[in-house]
2 protein chains.
Amino acid sequence: MANSLNLSIDRSSPIPLYHQVVQGIENLIHDGTLVPGSKLENEIDLAAALNLSRPTMRKAMDELVRAGLLVRKRGVGTQVVASQVRRPLELSSLFDDLSARGSKPTTDVLTFSHIDADAVICEKLALPAGAKVYHFTRLRKVDGKPLALMENWVRDDVTAIEETSLADQGLYAILRNAGVNFRLAQQRIGAMVANSYQAPLLDTVPGSALVTMERTAVDDTGRMVETGRHVYRADQYSFEMTLVQR
Amino acid sequence: MANSLNLSIDRSSPIPLYHQVVQGIENLIHDGTLVPGSKLENEIDLAAALNLSRPTMRKAMDELVRAGLLVRKRGVGTQVVASQVRRPLELSSLFDDLSARGSKPTTDVLTFSHIDADAVICEKLALPAGAKVYHFTRLRKVDGKPLALMENWVRDDVTAIEETSLADQGLYAILRNAGVNFRLAQQRIGAMVANSYQAPLLDTVPGSALVTMERTAVDDTGRMVETGRHVYRADQYSFEMTLVQR
DNA sequence: GCAATTAGTTTGTCCTGACAATAGGATGAT
DNA sequence: ATCATCCTATTGTCAGGACAAACTAATTGC
């Protein structure tokens with residue numbers, strides 16, 4: 001069972017060795033070479049087989065354990081988790097997620113303004129009173145059918161935002177292009193029933209179930225760049241994630 | 001700004017050094033000694049100040065970065081994230097969460113049976129056809145008010161479950177006591193509107209919003225031990241989490 | 001004055017080596 | 001046969017060193 005993984009490591013590549021191992025094992029699990037429940041060789045031998053040091057091998061396996069693909073037990077070994085693992089939902093935008101799945105998301109910009117932030121928004125973005133922010137609401141459709149109604153506030157000292165660019169691409173893509181490196185986000189997921197404003201926009205009826213998501217995103221300098229409140233049609237969207245015990 | 005952290009490391013303690021550092025810095029952030037946005041000393045000096053090696057210091061900081069408390073940038077340094085940090089919601093049970101918050105959760109066991117798993121459950125728990133499982137539905141109340149309606153299936157080869165013990169403690173506590181070490185869970189969060197069965201149990205009206213959660217938990221041997229479908233009153237519960245970019 | 005180069009700081013990656021802790025099976029004694 | 005003990009395999013923790021890459025700021029050259 002414990003066959004040495006058939007991986008190729010490119011030491012001249014700019015991408016870190018441990019990350020190459022992560023991707024390699026991920027692929028082996030995805031294409032079925034590593035079947036769920038099977039045991040891996042011990043990390044010492046694996047490292048030797050790939051001409052890597054043990055810490056590097058360990059770092060790769062750590063990532064996979066955190067991602068929920070592997071399970072380790074001291075004195076026993078490492079196993080492939082028996083589950084059809086979905087992407088552990090990292091910090092990404094809805095637009096990117098949908099695009100990656102092959103759907104074609106479109107965006108209608110419903111409102112767009114550059115305004116003084118009210119007290120609540122100043123609080124959420126840790127801005128001084130009187131700061132200005134971009135505020136806009138968008139309707140996200142996929143294959144022509146409405147999926148999400150999104151309201152966002154973005155601090156205006158990171159980049160200028162044009163209404164037209166919001167129609168073309170996701171908010172996160174715009175901010176990334178402007179040099180913003182997102183690091184983490186605080187998120188809250190709940191539920192509500194559609195009101196008479198939301199229902200027609202989402203092509204549903206008042207009283208139908210909606211998933212709500214509030215998020216505030218922080219960049220690599222510790223600034224809170226963006227906060228927003230989104231609602232999704234519950235029959236077309238839900239949040240999947242993998243929780244890992246530490 | 002860059003004052004050496006005032007931490008005490010106990011080398012004789014059984015808890016790992018890096019974890020002591022994690023807890024120490026967590027406490028400093030919580031009690032306000034390390035204010036949001038402030039810069040930490042560089043890892044080399046910090047390690048030296050605590051008489052630790054750099055890898056150990058780094059491992060501690062890695063954890064804190066993953067937990068969303070710190071933000072690092074090459075060539076620049078490490079900062080405390082400017083956010084009112086909530087617990088990143090790990091793999092824990094509702095019962096434990098509520099208890100930790102000081103609430104007093106109670107449980108009504110509505111149904112309890114030991115049955116043949118149907119095809120869907122066998123699929124979810126990766127069990128062979130014809131395997132038996134425990135199936136039960138519970139109503140979780142806090143301070144006497146209903147909060148969640150929970151339906152669960154547990155494979156029966158991990159431990160025997162008594163209906164009476166479910167009323168006293170959380171499911172995860174029972175399984176942990178039986179020697180089950182949970183490692184990860186796949187989770188999906190969505191929304192629905194209360195139907196005529198759920199509404200009276202949750203002390204609300206049909207048509208009100210509910211948060212739905214489906215979860216399958218895996219233990220350290222890779223077995224899928226438990227799967228369940230829970231619904232929560234949307235006005236009393238939501239899921240909070242911190243997403244970290246890797 | 002302004003841009004390009006350079007130097008210094010800090011985190012990122014990778015290596016080697018060592019010992020500890022745990023799980024599980026093998027072994028031995030009762 | 002059953003229980004306790006030992007042994008082995010494997011992961012967990014920790015140290016110390018080396019170089020690379022990215023960012024900042026100062027210096028230099030024009």
Side-chain angles (χ1 to χ4, degrees), chain A residues 1-2 4 9-23 25 38-66 70-81 179-181 183 219-222 245-246, chain B residues 1-2 4 9-23 38-66 70-81 179-181 183 219-223 245-246:
Chain A
M1 55 166 69
S4 242
I9 302 296
D10 178 7
R11 293 192 92 91
S12 67
S13 159
I15 99 171
L17 301 182
Y18 70 86
H19 200 250
Q20 293 185 37
V21 177
V22 169
Q23 293 179 324
I25 297 184
S38 66
K39 230 179 99 178
L40 264 64
E41 263 186 289
N42 71 66
E43 27 181 71
I44 314 254
D45 292 349
L46 276 182
L50 295 175
N51 263 306
L52 297 170
S53 72
R54 190 183 161 209
T56 301
M57 193 66 212
R58 253 187 95 70
K59 175 146 188 175
M61 298 178 80
D62 267 349
E63 302 258 333
L64 291 164
V65 168
R66 282 178 203 272
L70 298 182
V71 165
R72 283 192 294 196
K73 209 168 176 184
R74 187 189 292 200
V76 181
T78 306
Q79 270 185 316
V80 179
V81 144
V180 176
N181 302 306
R183 271 305 131 86
D219 77 354
D220 57 2
T221 66
Q245 179 81 326
R246 281 304 303 171
Chain B
M1 51 170 73
S4 241
I9 302 295
D10 178 6
R11 294 192 90 92
S12 67
S13 159
I15 100 172
L17 300 181
Y18 71 85
H19 200 249
Q20 293 185 37
V21 177
V22 168
Q23 293 180 324
S38 66
K39 230 181 98 178
L40 264 64
E41 262 185 291
N42 71 66
E43 23 179 74
I44 313 257
D45 291 350
L46 276 182
L50 295 175
N51 263 306
L52 297 171
S53 71
R54 190 182 163 212
T56 301
M57 193 66 212
R58 252 187 96 69
K59 174 143 190 176
M61 299 178 80
D62 266 350
E63 302 258 332
L64 291 164
V65 167
R66 282 177 203 273
L70 298 182
V71 164
R72 283 192 292 194
K73 209 168 176 184
R74 188 189 292 198
V76 181
T78 307
Q79 270 186 317
V80 179
V81 139
V180 176
N181 302 306
R183 270 306 131 85
D219 77 354
D220 56 2
T221 65
R223 283 185 307 189
Q245 179 81 326
R246 281 303 306 168

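Given the structure is predicted, the values throughout are model-derived calculations rather than measurements. Chain identifiers are assigned alphabetically (A, B, ...) following the order of the sequence lines, protein sequences preceding nucleic acid strands; residue numbering begins at 1 within each chain.
- Here the straight-line distance linking atom CG of A:Leu46 with atom OG1 of A:Thr56 works out to 13.0 Å at 0.5 Å rounding.
- The phosphate of D:dC14 (OP1 or OP2) has no side-chain N or O of B:Lys59 nearer than 4.0 angstrom.
- Closest approach of A:Ala60 and A:Val22 over heavy atoms only: O-CG2, 3.5 Å.
- Atom CG in A:Leu70 sits roughly 11 Å away from atom P in D:dG12 (whole-Å rounding).
- In this structure, A:Pro55 reaches the bases: a heavy-atom distance under 4.0 Å links it to at least one base atom across the strands shown.
- Between A:Tyr18 and C:dT13 there is a side-chain N or O to OP1 or OP2 distance below 4.0 Å.
- Each of B:Arg74, B:Arg54, B:Lys59 was compared with B:Glu43 under the salt bridge (Lys or Arg N to Asp or Glu O under 4.0 Å) criterion, and only B:Arg54 meets it.
- D:dT13 atom C1' lies 16 Å from atom CE of B:Met57, rounded to whole Å.
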Pick out the pairs of N or O atoms, protein on one side and nucleotides 9-11 of chain C on the other, that lie under 3.5 Å.
from: C:dT10; atom 1: OP2; to: B:Asn42; atom 2: ND2; distance (Å): 3.2
from: C:dT10; atom 1: O2; to: B:Gly75; atom 2: N; distance (Å): 3.1
from: C:dT11; atom 1: OP1; to: B:Thr78; atom 2: OG1; distance (Å): 3.1
from: C:dT11; atom 1: OP2; to: B:Glu43; atom 2: N; distance (Å): 3.0

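- Rounding to whole angstrom units, CG of residue A:Asn51 and C1' of C:dT16 are separated by 14 Å.
- Atom P of nucleotide C:dT13 and atom CG of A:Leu52 are separated by 14 Å, given to the nearest angstrom.
- D:dT10 atom C1' lies 13 Å from atom CD of A:Gln79, rounded to whole Å.
- Distance CZ/B:Arg72 to CG/B:Asp62: 4.5 Å, rounded to 0.5 Å.
- Put simply, A:Thr56 has no side-chain N or O that comes within less than 4.0 Å of OP1 or OP2 on C:dT13.
- B:Val21 and B:Ile9 make their closest contact through CG2-CD1, 3.8 Å (heavy atoms, listed as atom of the first residue, atom of the second, distance).
- Counting to the nearest Å, the C1' atom of D:dT10 and the CG atom of A:Leu46 are 12 Å from each other.
- Between the side chain of A:Gln20 and the main chain of A:Ile15, a donor-acceptor pair closer than 3.5 Å is present.
- As a whole-Å value, the separation of B:Leu17 CG from D:dT13 C1' is 8 Å.
- When rounded to the nearest whole Å, the span between CD1 of A:Ile9 and C1' of C:dC14 equals 13 Å.
- Here the closest non-hydrogen pair linking A:Asn51 and A:Arg11 is O-NH1, 3.1 Å.
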